[in-house]
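Everything numeric in this text was worked out from a predicted model, so none of it was measured. One-based numbering, in listed order, for ligands and for the atoms of each.
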Amino acid sequence: MPAEEFVAGWISGALGLVLGHPFDTVKVRLQTQTTYRGIVDCMVKTYRHESLLGFFKGMSFPIASIAVVNSVLFGVYSNALLALTATSHQERRAQPPSYTHVFIAGCTGGFLQAYCLAPFDLIKVRLQNQTEPRAKPGSPPPRYRGPMHCAASIFQAEGPRGLFRGAWALTLRDTPTLGIYFVTYEWLCRQFTPDGQTPSSGTVLVAGGFAGITSWVAATPLDVIKSRMQMAGLKQRAYGGLLDCMVSSARQEGLGVFFRGLTINSARAFPVNAVTFLSYEHLLLSWG
Ligand SMILES: C[N+](C)(C)CCCC[C@H](N)C(=O)O
């Protein structure tokens, strides 16, 4: 496996991520805080209090982790398909796997990547929710000084298990929805590509973008619960568990709570996943 291409894949994954991060910060804030009236209000307040930098809080860890998380997801997906259908990536255009196999392989990849993602995602969410402006003399410092300090504080206060707060909700969110992700991607590619041929770059971009949107739409209800459970360690409000978090959120805020961040999740998902799939396909093609 040539190293340059791995680096290229990581960079394009990272590019997608940087592009999507401001949307992600607004989403996390809308999901876990009640001070904002909507997307625009949240953007304006964030900009006023924290400048453009506010939108990029909590980004360094996801950038560092995307190499691991993406390789686990795509690596496990492809190897699960190999085990299920006995075809390698190159053979799959000529002998396309069934959608059931694609779904099972996607769920397997999703399940395993969720565990790699959990601690990074927790730290990201905690940092994104710090609304204090950057170090102004005289103002109280934010609780976490950065990702390492955040990880160390959680570890000290709660031990290693603390770093996996919300991991269950994350696994439940990602296992089925990554199955949906790969099924949507495969289905759209096959619609626009003559049998046996490799999909064009345009097709890959559109199919990747819509795969991202579809899976995020399906994932949003559990995404809200996941973010709330990750924040629960900090706020006074503690949930008895996943179900308790669902029920009490719905009771207090109505069923609409499960769709918080849906618009913004979808807007972010298109560019991020178009770029991710394009680099994935290009790398595999160039490795031959
Ligand atoms: C399964 N779920 C919808 C949660 C994520 C699927 C897309 C993953 C991609 N890295 C992204 O950040 O958009």
Short N or O distance, Y181 and ligand 1, threshold 3.5 Å exclusive: no
Other residues, nucleotides, ligands: >12 heavy atoms within 6.0 Å of F155 CZ: no
Sub-6.0 Å ring centroid separation between F182 and F103: no
Option with minimal heavy-atom separation from atom 4 (C) of ligand 1, where the choices are T276, T177, V217, D174: D174
Residue of the set I123, V125, T32 for which side-chain contact (heavy atoms from CB on, under 4.5 Å) holds with Q230: V125
Ligand-side contact atoms (ligand 1) for residue partner R173, heavy atom cut-off under 4.0 Å: 4 (C)
Whether F74 and F277 hold their rings parallel, tilted or perpendicular, with breakpoints at 30° and 60°: perpendicular
Part of L73 within contact of ligand 1 (heavy atoms, under 4.0 Å): neither
Ligand 1 atoms in contact with L178 (distance to a heavy atom under 4.0 Å): 1 (C), 6 (C)
N or O contact, N70 vs ligand 1, cut-off under 3.5 Å: no
Centroid-centroid distance, F270 to F210, less than 6.0 Å: yes
In one Ile/Leu/Val/Met/Phe/Trp/Tyr side-chain cluster, 4.5 Å: L170, W168: no
Protein heavy-atom partner closest to atom 9 (C) of ligand 1 - residue, atom, separation in Å: N273 OD1, 3.3 Å
Residues E158, L163; criterion side chain to side chain contact (heavy atoms under 4.5 Å, CB included); working and verdict: CA-CA 8 Å; E158 300 170 60; L163 288 170; over 6 Å; no
Proximity to ligand 1 by part of S215, non-hydrogen separation under 4.0 Å: both
Shortest protein heavy-atom distance from atom 12 (O) of ligand 1, along with the residue and atom involved: R268 NH2, 2.9 Å
